[in-house]
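Report on the structure given below.
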Amino acid sequence: FFIECSGTEHRLLPGLMAYKLDCEGFLYYGMATWRKYHRRADGSWDKSFRTQPMRGAPLTDWAARSYKGYNGDGNFIYPRPDGPVPSTRLKNLRDGLEDYMFASMLERALGTVERGEADMSRRWCRQAREALAVDPRIVSSPKEFTTDGALLLEARKQIAELLEEYARK
């Protein structure tokens, strides 16, 4: 969850990648480490906890380095004088969890149709199965996935439209 990674990566990991690869949970060790790292003259690292909130926007004196040479990892929310603010990475994480939830909802809906508890067209069932398979252009393995946000949004739109059609019936 580095700042330098694409937002699509932050969204896919707990979202459609987790769904496709049948992950049953997601654990992340730190949301607000708020440490300050800097390199000493001898090359070793010094870390200290920050005692002051982030000030200024969009430019701030808050260094993005959250652990030695990493930027943003462990910091999803930032302290401001008026309260914590979420990072864009946290918002992408939330969107990914919603993607997972929508896919799970579609899977349950398809199950009701396949058990004969709901009546949907063959076209709807085929499209639902295709959507739940998650296009390999989006995710084909934990190391092979898209960074094209438009492709991810199209998959979410397809799932949403299928859920809406199911709800109307």
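- In this view, Arg39 satisfies the salt bridge (Lys or Arg N to Asp or Glu O under 4.0 Å) rule with no residue, not counting sequence neighbours.
- Sorted by first and then second residue, the ring pair (Phe, Tyr, Trp, His ring centres under 6.0 Å) pairs with a member in residues 131-153 form an empty list; sequence neighbours excluded.
- Annotation: side-chain hydrogen bond (donor to acceptor under 3.5 Å, both in side chains) contacts involving residues 143-155, sequence neighbours excluded, comprise Ser140-Glu144.
- Residues Lys20 and Val139 share a closest heavy-atom pair of NZ-O, 2.7 Å.
- Cluster membership for Val134 and Phe26, using ILVMFWY side-chain heavy atoms within less than 4.5 angstrom, is shared.
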Please output the side-chain donor-acceptor pairs of residues 97-112 that fall under 3.5 Å, not counting sequence neighbours, one pair per line with the distance.
residue	atom	partner	partner atom	Å
Glu98	OE1	Arg156	NH2	3.0
Asp99	OD1	Arg11	NH2	3.0
Asp99	OD1	Arg156	NH1	2.6
Asp99	OD2	Arg11	NE	2.7
Asp99	OD2	Arg11	NH2	3.4
Tyr100	OH	Cys23	O	3.1
Ser104	OG	Tyr100	O	3.1
Glu107	OE1	Tyr19	OH	2.8
Thr112	OG1	Ala109	O	2.6
Thr112	OG1	Tyr166	OH	2.6

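- Side chain of Gln127 to main chain of Trp124: no donor-acceptor pair is present (N/O by atom type, distance under 3.5 Å, no hydrogens or angles).
- With sequence neighbours left out, the side-chain contact (heavy atoms from CB on, under 4.5 Å) criterion links Pro142 to Leu21.
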Which donor-acceptor pairs under 3.5 Å do side chains of residues 158-165 form with protein atoms, sequence neighbours excluded?
residue	atom	partner	partner atom	Å
Glu165	OE1	Arg123	NH2	3.1
Glu165	OE2	Arg123	NH2	2.4

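- With sequence neighbours left out, the salt bridge (Lys or Arg N to Asp or Glu O under 4.0 Å) criterion links Asp135 to Arg137.
- Screening residues 80-96 for side-chain hydrogen bond (donor to acceptor under 3.5 Å, both in side chains) gives Tyr78-Arg89 as the qualifying pairs, with residues at least two apart or on separate chains.
- Taking all atoms of both residues into account, the shortest heavy-atom contact from Ala155 to Ile138 is CB-CD1, 3.5 Å.
- Considering only residues two or more places apart in sequence or on other chains, Lys169 meets the side-chain contact (heavy atoms from CB on, under 4.5 Å) condition with Met120.
- Residues forming a salt bridge (Lys or Arg N to Asp or Glu O under 4.0 Å) with Asp46 (at least two apart in sequence, or on another chain): Arg40.
- For Arg122, there are no salt bridge (Lys or Arg N to Asp or Glu O under 4.0 Å) partners, not counting sequence neighbours.
- Under the rule for a ring-ring contact (aromatic ring centres under 6.0 Å, His included), the partners of Tyr28 that lie at least two apart in sequence or sit in another chain are Phe1, Phe76.
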